[in-house]
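The analysis underlying the following values was restricted to heavy atoms, covering all of them including side chains, and did not include hydrogens, waters or symmetry mates.
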Amino acid sequence: MRAVDIIRAKRDGDALSREAIEAFVKGVTDGSWPDYQASALLMAIVLKGMNTVETGWLTDAMARSGDRVDLSHIPGIKVGKHSTGGVGDKVSIVLAPLAAACGVTVPKMSGRGLGHTGGTLDKLESIPGFRVALSLDEYREMLGRIGCCLISQTATIAPADKTLYALRDVTGTIESLPLISSSVMSKKLAEGSNALVLDVKCGRGAFMQRPADARALARSLVSIGTAAGVRTEAFITRMDVPLGRAVGNALEIAECIDLLKGHGPADLADLIVRLGTRMVRLAEKAATDDEAAAMVRHALASGAGLAKLREMIAGQGGDAAVVDDPGRLPSASLTRMIAAPRAGFITSLDALLVGRAAVALGAGRDKKGDAIDLSAGILLKRTVGDAVTAGEPVLELRYNDPSRLEAAVALATQAVVVGELAPAAQPLVLGWVHDNGETMFVAGM
């Protein structure tokens with residue numbers, strides 16, 4: 001099929017045939033479609049959309065553009081997990097070993113941070129020696145032996161997605177539900193999971209800031225996974241305030257270790273138990289949610305999850321001693337406190353601004369390829385709902401480069417809002433989309 005005919009059809013609002021979508025993905029993968037034609041079709045998709053069937057076909061073609069991992073040598077149901085990205089979101093680093101300690105095999109290919117959101121791979125690389133670029137053979141071996149493994153996407157996994165994402169990044173075609181959905185799910189379908197638990201972030205610190213957009217994305221992702229034969233569920237979770245109390249790579253690893261030792265912030269622990277419960281259920285390791293939750297909590301309290309994290313770090317070449325001594329992680333040399341401007345209650349701690357402040361300190365990247373400071377970041381000394389006195393520390397900035405401080409202070413100061421009255425408590429989980437099509441949402445979703 002001619003590229004120009006496919007572009008023209010979508011430009012005019014027509015639904016594309018499976019043959020047309022296959023031709024597009026093949027052309028992008030082998031280079032027979034030049035960038036200007038691929039970009040033209042991407043823009044037509046942004047403007048005219050894709051229906052559910054088209055989106056499923058696009059996802060499948062992208063997943064088949066490279067290798068699909070075969071984990072059939074490992075018994076049982078393999079359960080993956082994916083988050084759409086947020087500020088302080090270190091859930092995967094705790095959840096993978098915790099679920100593995102409950103007998104679940106957890107395949108996981110993760111990404112790097114871009115913009116105000118952090119990346120799991122960057123956080124893991126703050127552990128001295130930790131390798132994320134494992135071969136698929138190493139990946140399969142670790143999953144069979146340890147039960148969890150967090151690696152980067154290999155060059156042969158969904159290569160069409162790499163090309164298309166790079167084009168979308170520079171052509172203003174990121175914000176498209178079919179393109180976002182196919183990008184996420186093509187990689188998840190290729191990584192070897194039989195079931196999948198998704199965490200769709202919603203709020204100031206998320207890419208989907210409006211509840212309606214987060215709901216639509218969650219439903220789209222679940223629909224694609226279910227149609228592909230992968231049992232898929234999606235939680236929609238609030239991302240107006242950073243998750244946990246640490247933002248920044250080594251700081252978040254330290255918080256993960258703390259949580260697996262039975263400490264750590266309640267919001268992070270509660271979300272991990274909620275997601276872990278469903279992973280255990282989907283793996284058919286428990287008959288009820290209550291039984292699954294008890295298993296997850298026991299793995300957390302007994303140290304079994306911590307032991308599994310130690311195994312995973314050692315298996316991927318990292319310094320497993322950081323589990324017992326987080327002081328071995330990179331540490332910034334300088335600190336600066338952001339204080340409450342007056343007495344009262346913290347009514348807002350803007351996740352977007354906190355994330356941007358962390359990037360300004362060097363903890364993230366504004367564009368792919370930027371170097372990052374693995375020790376830089378921000379600690380939340382107080383959070384939304386806490387009472388504070390005038391001048392009391394709210395945020396602790398950790399950094400090494402003084403030239404970065406001014407911009408970070410401006411953003412962090414703006415992030416903290418103090419009012420006279422304590423704000424009403426807000427639920428962390430806003431919705432849940434099941435693979436059977438059932439949806440549950442709190443008020444306002």
Side-chain angles (χ1 to χ4, degrees), residues 18-33 50 52-84 92 96 99-100 104-111 120-121 132-166 178-198 220-234 279 282-283 316 435:
R18 186 163 200 164
E19 181 185 10
I21 291 171
E22 293 275 1
F24 166 55
V25 172
K26 182 178 183 299
V28 166
T29 305
D30 65 18
S32 59
W33 273 48
M50 277 184 151
T52 302
V53 173
E54 286 177 286
T55 305
W57 286 340
L58 177 61
T59 306
D60 180 64
M62 289 167 62
R64 289 187 291 102
S65 68
D67 292 334
R68 296 191 71 167
V69 181
D70 181 2
L71 298 178
S72 59
H73 68 289
I74 302 173
I77 298 169
K78 277 67 73 175
V79 185
K81 180 266 177 187
H82 177 76
S83 168
T84 58
S92 294
V104 183
T105 300
V106 186
K108 183 79 176 76
M109 292 186 183
S110 297
T120 296
L121 298 181
V132 298
L134 269 60
S135 69
L136 290 182
D137 285 342
E138 290 174 310
Y139 174 65
R140 295 185 191 96
E141 188 277 331
M142 270 199 65
L143 286 172
R145 177 167 55 89
I146 297 174
C148 60
C149 184
L150 275 62
I151 69 169
S152 58
Q153 181 183 353
T154 71
T156 59
I157 293 291
D161 177 63
K162 289 188 180 70
T163 302
L164 290 176
Y165 191 90
L179 295 178
I180 293 170
S181 299
S182 58
S183 177
V184 169
M185 293 302 292
S186 62
K187 295 188 287 286
K188 303 318 288 183
L189 295 180
E191 75 181 7
S193 300
N194 310 118
L196 183 60
V197 174
L198 302 166
S220 175
L221 296 173
V222 170
S223 174
I224 291 169
T226 303
V230 176
R231 285 196 64 186
T232 307
E233 298 181 359
M279 292 181 73
L282 289 173
Q316 295 189 232
D435 62 343

Worksheet item: Do Ser135 and Asp137 have side-chain atoms, one donor and one acceptor, less than 3.5 Å apart?
Response: no
Discussion item. Donor-acceptor check, side chain of Ser182 to backbone of Leu179, threshold 3.5 angstrom: yes or no?
Written reply: yes
Item to complete: Look at the side chain of Lys162 and the backbone N and O of Ile157, then say whether any donor-acceptor pair between them is shorter than 3.5 Å.
Response: yes
Worksheet item: How many angstroms lie between atom CZ of Arg231 and atom CG of Asn194, to the nearest 0.5 angstrom?
Response: 11.0 Å
Item to complete: Please lay out, stage by stage, how Glu233 and Val222 fare under the test side chain to side chain contact (heavy atoms under 4.5 Å, CB included).
Response: CA-CA 6 Å; Glu233 298 181 359; Val222 170; 5.6 Å; no
Worksheet item: When rounded to the nearest 0.5 angstrom, what distance separates CD1 in Ile151 from CG in Leu136?
Response: 6.0 Å
Worksheet item: Can you pull the salt bridge (charged side-chain N to carboxylate O under 4.0 Å, His left out) pairs that have at least one residue in residues 67-83, sequence neighbours excluded?
Response: none
Worksheet item: Among all residues two or more places apart in sequence or in another chain, which pass the side-chain hydrogen bond (donor to acceptor under 3.5 Å, both in side chains) test with Ser220?
Response: Ser181
Worksheet item: Any donor-acceptor pair under 3.5 Å linking the side chain of Thr156 with the backbone of Gly66?
Response: no
Item to complete: Considering non-hydrogen atoms only, spot the tightest contact between Val106 and Leu143 and give its length.
Response: O-CD2, 3.4 Å
Worksheet item: Ser65 side chain to Ala160 main-chain N or O, any donor-acceptor pair under 3.5 Å?
Response: yes
Worksheet item: Could you give the distance from NE2 (His73) to CD (Glu141), rounded to the nearest 0.5 Å?
Response: 8.5 Å
Worksheet item: If you look at every heavy atom in Met142 and Leu134, which pair is closest and at what distance?
Response: SD-CD2, 3.9 Å
Item to complete: Can you measure from CD1 (Ile146) to OG1 (Thr105) and round to the nearest 0.5 angstrom?
Response: 11.5 Å
Worksheet item: Mind checking what makes side-chain contact (heavy atoms from CB on, under 4.5 Å) contact with Ser193, not counting sequence neighbours?
Response: Pro107, Glu191
Worksheet item: How far apart are the C-alpha atoms of Leu189 and Val230, what are their side-chain angles, what is the distance that settles it, and do they pass the side chain to side chain contact (heavy atoms under 4.5 Å, CB included) test?
Response: CA-CA 8 Å; Leu189 295 180; Val230 176; 3.7 Å; yes
Item to complete: Please round to the nearest 0.5 Å and tell me the distance separating atom CD1 of Ile180 and atom OH of Tyr165.
Response: 9.0 Å
Worksheet item: Could you give all pairs that pass the salt bridge (charged side-chain N to carboxylate O under 4.0 Å, His left out) test and reach residues 52-63, with sequence neighbours left out?
Response: Lys10-Glu54, Arg18-Asp60, Asp60-Arg64
Worksheet item: What's the shortest heavy-atom distance between Ala195 and Ile77, and which atoms?
Response: CB-CG2, 4.2 Å
Fill in: Residue pair Leu221 / Met185, side-chain heavy-atom distance below 4.5 Å
yes
Discussion item. Against Leu58, only a single residue in Ile21, Val53, Ile224 fulfils side-chain contact (heavy atoms from CB on, under 4.5 Å); can you say which?
Written reply: Ile21
Worksheet item: How would you list, by chain and number, every residue that makes a side-chain contact (heavy atoms from CB on, under 4.5 Å) with Ala158, sequence neighbours excluded?
Response: Gln153, Asp161, Ser186, Lys187
Worksheet entry | Leu282 and Val197, any side-chain heavy atoms less than 4.5 Å apart | yes
Worksheet item: Can you tell me how far the OG1 atom of Thr232 sits from the NZ atom of Lys188, to the nearest 0.5 Å?
Response: 11.0 Å
Fill in: Flag side-chain contact, heavy atom, 4.5 Å: Leu150 against Tyr139
no
Response to the item:
When every non-hydrogen atom of Ala61 is compared with those of Glu22, the smallest separation belongs to CB-OE1, 4.0 Å
Practice prompt. Apply the test side chain to side chain contact (heavy atoms under 4.5 Å, CB included) to residues Thr29 and Val25: give CA-CA distance (whole Å), side-chain angles for both, the deciding distance (0.1 Å), then the verdict.
Written response: CA-CA 6 Å; Thr29 305; Val25 172; 4.1 Å; yes
Response to the item:
Sequence neighbours excluded, the answer for ring-ring contact (aromatic ring centres under 6.0 Å, His included) partners of Trp57 is none
Worksheet item: Can you check side chain to side chain contact (heavy atoms under 4.5 Å, CB included) on Cys148 and Lys108, steps first, answer last?
Response: CA-CA 8 Å; Cys148 60; Lys108 183 79 176 76; over 6 Å; no
